[in-house]
Amino acid sequence: MVEYIKRDKDDIYGKPILGFFFKNQKFLFAFRVIVAATFLYALYFGFAHTGKDNTFTPALFWGIFWSFFMVLTLPTFGRIFCGICPHGFMGKYITKFGLKKKMPKWMQNRYIGIFLLVIGWWGVYYIFPGIYRTPFGTAMMFTVMTLISFVIYFLYRDMSYCKYICPIGTLTRAYSKLSFTWLGTYQSACSECKTFDCATACPYNLKPFTFDKRNSMTDCTLCMECSTACEAVSFKFVKPSGTLFKKFQVLKAEVWTYILILGSIPIAMAFHHGIGRSNVGDEMIWVKTAHFFEQFINFGPVDAVGLFAFLYALLFTTLAALVGMFIAAKILKQDFKKLFYDLGYAYAPLFILGSLAHTLESFFTRGYDRIVEGFALGFGFGVVDIAPLAKRGESWLMIFGILKWVAILWALLILYKRMKLIDAPKVKKILAYPFAASLVIFFLSVNIYRAHIIDTYGRKARSHSGMHTTHAMGSSHSKRGHKTAAPTTKVTPDTTLFFTQKKPSLKKGSHSNYMMHRRKPGEVPSRKLYLVTGDINHPQCVANVDGKFIARDVDNKPLKLTIKKEGKCTSVKFFMPRSGYYTLYYLQEKDNTTNVTKYEFKRFDHSSDEEYNKEKMAAKSIQEIPFNILRLRSDDETFYSRPQSGERLRLKILKDDKPLSNALVTLTTQFGWQKVVHTDKEGIAKLQLIKDYLPEWDKFNKRFREKFLIVASYQEDEQKYKASYTGEFMPSRSEYQSYAYGLIITLVLLVVLSVGVYLYRMRIQKPFKEVTFDD
């Protein structure tokens, strides 16, 4: 036993404050007692208060223990969470008075803990959403795990529960390899040691004096018992993940922890909670698979979509790792299993830093206030409402997103360092590297794809006034051949108005007036519109029209209108004698709200010789309209141009004829897709028309016109402004051309394959040759 030693500058035990926190056993004991008492109190509180009002129990377990403290400390200080874990703290004393039996070999399997974590924890989380979010569910889960741990601590020695059964035991061991701390010993003192006090004091029966030589801390939980027994024990700052740059004895379970946790948490989250909640989430394979099986199986309370998102995430993640490493092993001519486990440690940063980014952002936006309010409730402080430290969307929060990119670069660096340890030609290493990094590339691709999907298609609108997600077009609830009265509604300041070409009272199955009616020779074409509100697919007539209609012709001059009352609907008709853009407005100013409805139509007579004048066709504003939406024309637009999916709309929002910044602009399509943006300093908002016309492949209609509605809103003091703009767009040419290209490619491949098979069979055929023997 060494009683004094001169510590190095990088030794944490030699630092005045940090040394006290990490080495002083009285402080550590008191801290562990407080943590254990809070842990047990939270369990009691969860059973005593099972309602949603109990925010204390979920806040402690999911807000502090799991998501914040453990995720934050693992890549920094290492397994200090295990050092204060209530199970380990209480289990140490239970083991002293227990039976101290040796755990059976079949139980000395680290995959038991991994299985409990992946299936029992995260699998249940996706399959039965919300079960762990309730105070009772949280308390029940941790109570069961506590009882299991106490039984195992009592039966077996060497803290075997922590090593093999604990769901996060192997996880914390695996991810602690990224930390910038290292518990070891001063070899100058250990070389003369004969008492091995550090090993004797270790409740896990470990040998700290071998950690440096083995380049591994094995199952050390940083309980710091060894540092009290001998002053030769050190706890130093080191290079992050420095051990992964050198050789050490690999543990297969650690590599599988990296893979399975990556699939269970960030990948499954991206599938189910990210991509799955976008406006094209229903087109994803896990959603379609769930809907397919729901036809034959009654899943009951099981979230089928969550189940298959979880399974597909595990499948794709595992395949990405195995297939990539298999190809790399073939290129390097190495044993696949050995290469897989040697290089698999490169996956370590992907989950932990990706989760750290999410954890930190969540802490500032919704974690801090829930934790404070939860503890205030649990201990009766009386704090009712705490504001979060930040709001979603604040620009400075984007800094946490950098951690995902750091994780990817870090993983690639570790892979490079570990590949250098392999005995193989440099050229082959270069060729094998991208395949060995296949899981890193897959993780990167999922994050990019998720961001692209959300940015392009937007999130599903859970509920919004006036618009509903539907795939029905132009239908009503009337019986075939029977006209019903036009549905009407009263207009309030918050109502969204728009124009439609179809009268809402038309019977079911009638077609919208997309094309101008056939007219006699010499007849001037006209257009009739109806002022409506409600769902873009099921509009309702406005009961009382108390605003004014304003129209402009192709020269932006006033246009004569014919306004009629058709039952409970109001129609507006105007003539279009020349080619160009005609614009109709409805202006209503009421109750401190300015409501503008706009319709724009481009008329072009194919028999005329008129040229497309860009200046004449440019979108224009008028003084009578205080809040306007201008659709800016593209440079290549002509009379023949029609908006198509994939194109980007450029909208300019004007207030009193001046560009308006920070106005809210919402685009909603006929099938319910929605995207919300703000205007920039020049008053411009950019919105992409996405492909959400997804019929069966044999029913694709390249001339299908999908409706869209744009709503701009802005508030200045007590005055509110709102404007709407309707339009139509068609499927992109590339969408239906791809059918033809796909068919051509398939036919070419079949021909090539057939010719290849024929030539191959001809080559292997051996001509008959008669052989005779002369006896």
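For clarity, every value in this text was computed on a predicted model and none was experimentally measured.
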Can any side-chain N or O of [X] pair as donor or acceptor with the backbone N or O of [Y] at less than 3.5 Å?
| X | Y | result |
| --- | --- | --- |
| Ser438 | Ala320 | yes |
| Gln688 | Gly646 | yes |
| Arg79 | Cys223 | no |
| Ser355 | Ile352 | no |

All N/O donor-acceptor pairs, side-chain side in residues 213-221, below 3.5 Å, sequence neighbours left out:
from, atom 1, to, atom 2, distance (Å)
Asn215, ND2, Thr243, O, 3.1
Asn215, ND2, Lys247, O, 3.2
Ser216, OG, Thr218, N, 3.1
Asp219, OD1, Arg110, NH1, 3.0
Asp219, OD1, Arg110, NH2, 3.4
Asp219, OD1, Arg173, NH1, 3.2
Asp219, OD2, Arg110, NH2, 2.9
Asp219, OD2, Arg173, NH1, 3.3
Thr221, OG1, Tyr204, OH, 3.4

Examine [X] together with [Y] and report whether their ring centres are nearer than 6.0 Å.
| X | Y | answer |
| --- | --- | --- |
| Phe340 | Trp256 | yes |
| Tyr125 | Phe310 | no |
| Phe61 | Phe142 | yes |
| Tyr345 | Phe248 | yes |
| Phe69 | Phe65 | no |
| Phe77 | Phe180 | yes |
| Tyr347 | Tyr258 | no |

#### Entry: Between His291 and Asp282: side-chain donor-acceptor atoms closer than 3.5 Å
no
### Message
Is it true that Asp212 and Trp182 share a donor-acceptor pair across their side chains at a distance under 3.5 Å?
### Response
yes
